[in-house]
Amino acid sequence: MALATKYNAKEVEDKWYQFWLDQGFFNSEVNDKPAYTIVIPPPNVTGILHMGHMLNNTIQDVLIRRARLQGFNACWVPGTDHASIATEAKVVAKLKAEGIDKSSISRDEFLKHAWDWTHNYGGKILDQLKKLGASCDWNRVKFTMDEDLYTSVIHSFVDLYEKGKIYRGHRMVNWDPEAKTTLSDEEIIYQEKNGNLYYINYPIEGSEECLTIATTRPETIFGDTAICIHPEDERYQHLKGKHAVVPVVGRKIPIIQDEYVDLEFGTGCLKVTPAHDENDKNLGDKHQLEVIDIFNEDASLNAFGLHYQGQDRFEARKAFANELKEKGFLVKTENHLNKVGTSERTGAVIEPRLSDQWFLTMQDLAQPAIDAVLKDETIKLFPKKFENTYKHWMENIRDWNISRQLWWGHRIPAWYIGEGKNEFVVAKNEEEALAKAIEKTGNSSLSLAELHQEEDVLDTWFSSWLWPMSVFNGINEPENEEFKYYYPTKDLVTGPDILFFWVARMIMAGYEYTEQKPFENVYLTGLVRDKQGRKMSKSLGNSPDALQLIEDFGADGVRVGLLLSNAAGNDLLFDEALCQQGKGFANKIWNAFRLIKGWEVDENLSTPSYAKAGLDWYASRFQQVLEEVDDHFSKYRISDALMASYKLVWDDFCSWLLEIIKPNYGEKIDAITLQQVISLFEDNLKLLHPFMPFVTEEIWQHIAERNQEEALVVNQWPVKKSYQKAKTKTFDFMKEVVSGIRNVRKEKNISFKDSIDLFVINNENQTKELDDLIKKLGNITKLTYSDTSVEGALSYRVGANEYFIPLKGAINIEEEIEKINEEIKYLKGFLNSVEKKLGNERFVNNAPEQVVALEKKKKSDALAKLKTLEISLKSLA
RNA sequence: GGGCGCUUAGCUCAGUUGGUUUAGAGCGUCUGGUUUACACCCAGAAGGUCGGGGGUUCGACUCCCUCAGCGCCCA
């Protein structure tokens, strides 16, 4: 059957993916070989495949496929996470669309809906990864809410609590008073609003004096517990240590000093309301201030609001401002523009509100993680620049708020006893909780009905930070065989945006539970942006449909397109043209194969010298590039590794080698050349397989009948051999000679079909071994060595060698002279810069010998070439 | 506000302890080419005072300072 002139990815990809699956090539079991493990950064169950995933997973697949070829027991564990915030939001929205309000159903009912949602959509993204060619071990798919992963999280919580690392505390949250719920930062829209800045007098205790503060929210005065001044503010020096009296309320509050105060804003004097402002909360914590919460759930005032109790915060603001004015406390009001956070869902103005939360102490956990990355480099970050970011965050680490006011997730295993908020036990399950509660209270008649489990769930990251361990059940059963074999894992590939949320925390968890690193190398990819540099997002609608891309360009094309532009750690501007380039490359390889496949062997032919020279050269060239590629991989420079392979195959293999060995039209090829070029082609396929698994397997299987174990996917990475660098250098010189011929042909409009003669003055003493190549590639009839210039010929130079092409037509002497003069001008400039260096005594004395020697060589080379040019010039004149 | 980073050819980026022919690649552009694998192709060319200024050095795209512009992260 004739091969299609164009490579058709669609017809090929599903076939081979299914074949690989059927053969179980992606599955890994514990064996004697060294393990190479990657755990997938679990995409969340609400997700569909987007460009970020495509890039991320392509890189992982490249790494794992290469490891497989290198003979490792490669294991790539796939999975998803439950994404409590995102998923719960989706489920709430879905229920709402069906007319069901979350608050009207029970927790259990809600969770049933969430599970339905997960079962319906959760696996979609993994199926999409298969289209991309991801060679995950699909027998190992994990989900953060699977039973063993769930218990891992619970066990870890109990363990950390028992170690005294988990405590309860307060934190300011974004409260939507209309929806009566907490919002995440992402759910808030900031709007500029016109308001007033109120200047209000606070009397100083035991004095006639007043202190004026400026505030945008006079109603929060009811919650004031201090006045703060800048320690260096000369205006207020005399007030240090005194107390002020809250207007109308009459409460005595301290005057504290803190550099936080902005001397320029308002009066340079700040009222502190720890219950209702994030910054005030921090000040309050620092100065141990009282916390007075003045609002109800719906942001109406509570009993602290005195006679305004029950009024809405905005009504109260107006009314109270009036009262302050009437009573002479209000000095003035100014117009003031400020940014107000509003709820994305209800539009209500967000109220900062203190709420009960669970925290994990981070200080002790951080230390081994800091050492591992920054001190011993047991874990390496690529690119290295992220170590700075990591360092800064880790050294200023704050305690982690691990509770979320949601239902979907790992419910915090704490049980409150009776009505109290502060009496509770932490346990792995209800039975254990009851036993602990009985022990704690001494009340043996206590029953489960009197215990109430914490409503909040844990932050999703509190489950994913265990991921490299929990996927192998390493928390529940640290001694299990798989865990001991696959862990620590090898590479982690993820985005820098979750370096703290996830990567750093995994490192901490790893050391806490195994005293080992969870992975060896962290490769941080860039963000995928659109052509205009905008982040790809659903709301902008600028993210291309991943599956459509694969449909249009083939999985191989998309993989290449993504990788080509992805310099390590830098954002990449995604452009479909890159996928087109990838698709074009697949087609190029396909056609190289078609060419070779089409050659007929004549057993009687011996190998022509040019073919032998070409094959020899390519074997060396291949080794040279293999070395480069391995080096790039060792530095996680994946795009460089791909580009090096791309140029090797396209330029060196297709444009040079195939043109060299290609038999003349109608002629056959000798057996040895064909056999050798196929073998070299197979090496190319091995090199390319991690990047382009489909097209390489397709061609591999076309080349010969293979049994199952011989499939490319489980074959071997090319073997490194020593090679002669000199060979590639000589060949490079030959290329320049041929380019020179092509240039002359182009300049003088000599068709390639017309053969010409070439004369050379071999000043460089170049080998004649490649002369046959020059003749074939340049369509040269006769190649003649000469000692003198050839008159009436066009000339060009490579190094100090001079080449002449005699032409029947008139040679334009003027043009030739001008060309040579140009070259002389350049060389003289160059020579000048070299001589300047060499003429500098301090350079000669201080620079390393090698560098000086190099400059000397540059000089002698330039002089030699100048000499030939001047001789030519003379012969023309 | 704090932290980190970026600025090199029209575009996207390399440039790996400061010295490898007075800066490299891919794409794009321009010129020429199609009976003999591929127009998703072949051959060739043009294109940059390395963001501005200052400094260190025998020598700076590379190190330091400064100015300007841009980006990311802040639990």
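All chains are named by letter (A, B, ...) in the order of the sequence lines, taking the proteins before the strands, and each is independently numbered beginning at 1. Model, not experiment: these values are computed from the prediction.
- For the P atom pair drawn from B:U34 and B:C42, the interatomic distance equals 16 Å after rounding to whole Å.
- The side chain of A:Lys647 has B:A25 as its nearest neighbour among B:U22, B:A25, B:C27.
- Listed nucleotides: B:A37, B:G26, B:A75. Nearest to the side chain of A:Leu595: B:A37.
- Of all nucleotides listed (B:A75, B:U36, B:G26), B:U36 comes nearest to the side chain of A:Tyr665.
- Counting non-hydrogen atoms under 4.0 angstrom, A:Asn846 reaches a base of the nucleic acid.
- When both distances must be under 3.5 Å, the Watson-Crick or G-U wobble mate of B:G44 is B:C30.
- Atom C1' of B:C13 sits at a distance of 14 Å from the matching atom of B:C61, rounded to the whole Å.
- No hydrogens or angles considered: nothing links the side chains of A:Arg842 and A:Asn845 as a donor-acceptor pair under 3.5 Å.
- Comparing B:U8 with B:C50, their P atoms sit 11 Å apart, to the nearest whole Å.
- Closest to the side chain of A:Pro848, out of B:C27, B:G19, B:A25, is B:G19.
- Across the protein-nucleic acid pair, A:Phe843 atom CZ and B:G18 atom P stand 16 Å apart, rounded to whole Å.
- Rounded to whole Å, the separation between the P atoms of B:C73 and B:G26 comes to 33 Å.
- Contacts of A:Lys662 with the nucleic acid, taken as non-hydrogen atoms under 4.0 Å apart, include base atoms.
- Regarding A:Lys597, its NZ atom lies at a distance of 17 Å from the P atom of B:A37, rounded to whole Å.
- In the set B:U21, B:C74, B:C58, the nucleotide with an atom closest to the side chain of A:Arg842 is B:C58.
- To the nearest 0.5 angstrom, A:Leu869 atom CG is 14.5 Å from A:Lys825 atom NZ.
- For A:Phe386 and B:C74, the CZ to P distance is 13 Å, given to the nearest whole Å.
- Ion pairing between a basic and an acidic side chain is recognised when a charged N comes within 4.0 Å of a carboxylate O; A:Glu855 and A:Lys858 show such pairing.
- Toward the 5' end of RNA chain B, the nearer of the two residues A:Leu658 and A:Asn388, judged by each one's closest nucleotide, is A:Asn388.
- Side-chain proximity of A:Lys753 to the nucleotides B:G26, B:U20, B:U35 is greatest for B:U35.
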For every nucleotide of nucleotides 40-50 of chain B, 5' to 3': is a protein heavy atom under 4.0 Å from its base (B), only from its sugar-phosphate (S), or from neither (-)? BSSBSS-----

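- Base engagement by A:Tyr826 is indicated by at least one non-hydrogen atom pair under 4.0 Å involving a base atom.
- Residues A:Asn521 and A:Tyr636 bring a donor and an acceptor atom of their side chains to less than 3.5 Å of each other.
- The CG atom of A:Leu642 sits 20 Å away from the P atom of B:U12 (whole-angstrom rounding).
- Computed from coordinates, the A:Lys385 NZ to B:C72 P distance equals 13 Å when rounded to whole Å.
- A distance of 7.5 Å separates CD in A:Glu747 from CG in A:Leu794, rounded to the nearest 0.5 Å.
- Contacts of A:Ala847 with the nucleic acid, taken as non-hydrogen atoms under 4.0 Å apart, include base atoms.
- No engagement by A:Asp399 is indicated, since no non-hydrogen atom pair under 4.0 Å with the nucleic acid exists.
- Base pairing of B:C63: its partner is B:G55, meeting the Watson-Crick or G-U wobble criterion (both donor-acceptor distances under 3.5 Å).
- Annotation: the span from A:Arg404 atom CZ to A:Ile402 atom CD1 amounts to 9.0 Å, rounded to 0.5 Å.
- Comparing B:U56 with B:A46, their P atoms sit 38 Å apart, to the nearest whole Å.
- For the pair A:Leu499 CG and B:C4 P, the computed distance is 14 Å after rounding to whole Å.
- Separating the C1' atom of B:U21 from that of B:C64 is a span of 30 Å, rounded to the nearest Å.
- Annotation: B:G54 and B:A68 have their C1' atoms spaced 15 Å apart (nearest Å).
- The closest side-chain donor-acceptor pair between A:Glu628 and A:His632, if any, does not fall under 3.5 angstrom.
- Out of B:U20, B:C27, B:A75, the shortest distance to the side chain of A:Arg505 is found at B:A75.
- For A:Tyr803 and A:Tyr796, the ring centers are positioned less than 6.0 Å apart.
- The separation between A:Lys748 atom NZ and B:U31 atom C1' is 15 Å, rounded to whole Å.
- Heavy atoms of A:Asn396 sit under 4.0 angstrom from at least one base atom.
- When each of A:Pro663 and A:Asn749 is assigned the nucleotide of RNA chain B with its nearest heavy atom, A:Asn749 is the one assigned upstream, toward the 5' end.
- For A:Phe500, taking side-chain heavy atoms from C-beta onward, the closest of the listed nucleotides B:U22, B:A25, B:C73 is B:C73.
- Looking at A:Trp393, its side chain comes within 3.5 Å of the base of B:A75 through a donor and an acceptor atom.
- The base-pairing partner of B:A25, taking Watson-Crick or G-U wobble contacts with both distances under 3.5 Å, is B:U12.
- For A:Thr389, whose side chain is taken as the heavy atoms from C-beta onward, the closest listed nucleotide among B:A37, B:A25, B:C4 is B:C4.
- Of the candidates A:Tyr646, A:Phe553, A:Tyr7, A:Phe585 forms a ring pair (Phe, Tyr, Trp, His ring centres under 6.0 Å) with just one, namely A:Tyr646.
- Going from atom CD of A:Gln850 over to atom P of B:U20 covers 12 Å, rounded to whole Å.
- Residue A:Arg745 has no polar side-chain atom (N or O) positioned under 4.0 Å from OP1 or OP2 of B:U31.
- Across all strands shown, B:G69 forms a Watson-Crick or G-U wobble pair with B:C6, both key distances being under 3.5 Å.
- Of the inter-residue distances, the one linking A:Asn664 atom CG with A:Ile669 atom CD1 reads 11.0 Å to the nearest 0.5 angstrom.
- Nucleotides B:U66 and B:G28, compared at atom P, are 42 Å apart to the nearest Å.
- To the nearest 0.5 Å, atom CD of residue A:Glu823 and atom CZ of residue A:Arg797 are 4.0 Å apart.
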